[in-house]
Amino acid sequence: MWLVSGKGGVGKTTIASALALREAERGGRVLLVSTDPTGALAQIFAGVGDEVRPAAPGLEAVELTRRAVLARWRERFGEEIYQVLAAVLPVERDILDYLEGVPGIEEEFMLSYLLDAADSGRYRRIIWDAAPTAATLSLLEAQALFYEHLTQAHRLYLKLRGYLQGADPSALIEGWRKLTERILEMLRGRTRAWVVAQPERLPVVQGLELMKSLRHFGIPLQRAVLNRVLPQGACPDCPPYAARAAAQQEWLERWRSASLAPVNLLLEMEGDPTDHQTLRALARLLTEEDHGDPHP
Ligand SMILES: Nc1ncnc2c1ncn2[C@@H]1O[C@H](COP(=O)(O)OP(=O)(O)O)[C@@H](O)[C@H]1O
Ligand SMILES: [Mg+2]
């Protein structure tokens with residue numbers, strides 16, 4: 001799986017879509033998943049929605065909205081969770097309405113959705129257009145935290161077992177713990193991250209932080225892409241342009257010197273790059289040195 005992340009507005013969706021189109025062109029089925037709540041996949045793939053749909057030859061796409069994610073979460077885990085809670089606490093089913101708001105639940109389900117897609121064997125490559133920096137990280141942290149909670153919940157259950165009657169939540173808790181473990185394995189063992197920024201202070205600072213956090217979390221980095229770079233000296237007589245191009249230099253240098261992955265530069269284009277031909281060409285620039293990547 002390829003994870004594409006970076007600050008909002010830097011070009012994640014553009015680059016994730018470009019990579020997805022390019023990978024689909026190389027053969028084998030590809031899935032593009034956006035979990036960015038501000039995502040604009042529809043700008044590039046008409047008709048994309050919260051169910052997986054064909055988006056281009058060899059490419060399927062889905063935009064996972066919060067509502068769709070929570071509905072599926074409830075369908076898949078709701079009853080189990082209720083059973084476990086009801087075994088230890090005097091609760092009604094509406095406890096699930098409350099649980100939907102607990103931090104980490106939505107992220108947990110998004111990741112289990114990605115895991116299902118990865119394990120389905122249906123796709124040669126999955127490309128994940130992830131939410132902006134802070135949300136992506138909390139998503140990963142939530143995953144690790146959830147694991148901690150489950151381990152503790154399990155211990156607590158074992159202590160309480162003597163006093164409980166009826167439902168046996170032990171097997172369910174063990175099932176979730178395994179699920180979480182598999183998600184961590186997918187993120188650490190089968191995922192590579194593309195971090196995107198543009199040559200301005202905040203996107204660069206946040207992008208560099210993101211690379212550190214991803215590395216710390218154990219997700220290998222594929223590329224550090226600096227998008228929307230203005231060519232130097234392209235128009236020395238246009239004052240606003242020349243000033244902006246000059247201002248970018250500092251951040252370009254910083255990106256080059258501090259990135260934890262090989263750097264790619266993409267130039268500012270005229271108009272929004274949304275047509276598929278343009279995007280494929282853009283992705284070719286990013287992947288041309290790749291030969292047989294062992295990380296689907
Ligand atoms: N290299 C580029 N040149 C010109 N416009 C770009 C470039 N890359 C992205 N854009 C435009 O910038 C806007 C934000 O890009 P997007 O991919 O949606 O960012 P993100 O997903 O990070 O929020 C979009 O309108 C997109 O078409
Ligand atoms: Mg986006």
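Whatever order the structure lists ligands and atoms in, that order sets their numbers, starting from 1.
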### Message
Does this structure show an ion pair linking E60 with R122, if we count only N-O contacts that are shorter than 4.0 Å?
### Response
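Yes, E60 and R122 are salt-bridged.
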### Message
Assess whether a salt bridge exists between R72 and D116, defined as any Lys/Arg side-chain N lying under 4.0 Å from an Asp/Glu carboxylate O.
### Response
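Salt bridge between R72 and D116, a charged N being under 4.0 Å from a carboxylate O: no.
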Say whether [X], considering both its backbone and side-chain N or O atoms, lies within less than 3.5 Å of an N or O atom on ligand 1.
X: L267; answer: yes
X: V10; answer: yes
X: Q43; answer: no
X: T13; answer: yes

Should one rank [options] by closest heavy-atom distance to [atom], which comes out on top?
atom: atom 23 (O) of ligand 1; options: A16, G6, G9; answer: G9
atom: atom 6 (C) of ligand 1; options: P203, G271, P273, S17; answer: P273
atom: atom 8 (N) of ligand 1; options: L41, N227, T14; answer: N227
atom: atom 3 (N) of ligand 1; options: K12, K7, M269; answer: M269

### Task
Return yes if some donor-acceptor pair links the side-chain N/O of Q248 with the main-chain N/O of R228 below 3.5 Å, else return no.
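The answer is yes, because a donor-acceptor pair under 3.5 Å joins these two groups.
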### Query
Counting distance only, does the side-chain N/O of H276 pair as donor-acceptor with the main-chain N or O of F45 below 3.5 Å?
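It does not hold such a pair.
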### Under 2.8 Å: N/O/S of T13 next to the Mg ion (ligand 2)
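For T13, the answer is yes, given that an N, O or S atom comes within less than 2.8 Å of the Mg ion (ligand 2).
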### Query
Tell me the disulfide bond (SG atoms under 2.5 Å apart) pairs involving residues 236-284, sequence neighbours left out?
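Every disulfide bond (SG atoms under 2.5 Å apart) pair that includes a residue of residues 236-284, provided the two are not neighbours, is C235-C238.
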### Query
Is there a donor in the side chain of W128 and an acceptor in the side chain of T35, or the other way round, less than 3.5 Å apart?
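There is such a pair (donor and acceptor under 3.5 Å, judged by atom type) between the side chains of W128 and T35.
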### Fellow cluster residues of Y241, listed by chain then number, with links counted only when side-chain atoms sit under 4.5 Å apart
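L230, listed by chain and number.
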### Query
Taking only heavy atoms of G11, which atoms of ligand 1 are found under 4.0 Å from at least one of them?
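Counting atoms of ligand 1 from 1, those under 4.0 Å from G11 are 15 (O), 16 (P), 17 (O), 19 (O), 20 (P), 22 (O).
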